[in-house]
Amino acid sequence: LRFVVPLAEPLVVASDKAGEQARPDSRAQSGAQLGAQSASILKVLSDTPLSASEIAAVLGLETKTGAFKRTIKELLEQGLIEYTIPEKPNSRLQKYRLKKREV
């Protein structure tokens, strides 16, 4: 059984060196995935602070994937979420919450 799926646009693969092809740049796709996951995490945290494991479980993830960890880190860096125990970022009791907006 074979399925043929035509691409909407032709796939262009860049070449680094003579005869050697590089993988296509997947940053655009991963950026879109991070954006969707960021929105989901922010929505989940709108009700109550949760640990990383609890967030992953609510999102239906079996484990905390690399993309999930990068998303959490990016949200922290952007100031959209914060630690509940900021003085101990590696605490086993650590949870995340939406950062309070100053008006």
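No experiment lies behind these values; they were computed from the predicted model shown.
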Participant: How many angstroms lie between atom NZ of Lys99 and atom CG of Leu42, to the nearest 0.5 angstrom?
Facilitator: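 Here the interatomic distance stands at 13.5 Å.
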
Participant: Which residue pairs satisfy the ring pair (Phe, Tyr, Trp, His ring centres under 6.0 Å) criterion with at least one member in residues 40-63, sequence neighbours excluded?
Facilitator: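 Of all non-adjacent pairs touching residues 40-63, none passes ring pair (Phe, Tyr, Trp, His ring centres under 6.0 Å).
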
Participant: Would you give me the side-chain donor-acceptor pairs under 3.5 Å for residues 82-89, sequence neighbours excluded?
Facilitator:
from: Glu82; atom 1: OE2; to: Arg97; atom 2: NE; distance (Å): 2.9
from: Thr84; atom 1: OG1; to: Gln94; atom 2: OE1; distance (Å): 3.4
from: Thr84; atom 1: OG1; to: Lys95; atom 2: N; distance (Å): 3.2
from: Thr84; atom 1: OG1; to: Lys95; atom 2: O; distance (Å): 3.3

Participant: Out of curiosity, Arg70 CZ to Gln37 CD, how far, rounded to the nearest 0.5 Å?
Facilitator: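 If I round to the nearest 0.5 Å, the distance is 9.0 Å.
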
Participant: Search all heavy atoms of Leu45 against all heavy atoms of Leu50 and return the closest pair with its distance.
Facilitator: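 Closest approach of Leu45 to Leu50, heavy atoms only: CD2-N, 3.8 Å.
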
Participant: Using a 3.5 Å cut-off and no angle test, enumerate the donor-acceptor pairs between side-chain atoms of residues 54-69 and protein atoms at least two apart in sequence or in another chain.
Facilitator:
from: Glu54; atom 1: OE1; to: Ser51; atom 2: N; distance (Å): 2.7
from: Glu54; atom 1: OE1; to: Ser51; atom 2: OG; distance (Å): 3.3
from: Thr65; atom 1: OG1; to: Phe68; atom 2: N; distance (Å): 3.2

Participant: Determine the minimum heavy-atom distance between Ile81 and Ile72, stating which atoms define it.
Facilitator: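 Nearest pair, atom of Ile81 first, then Ile72: CD1-O, 3.9 Å.
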
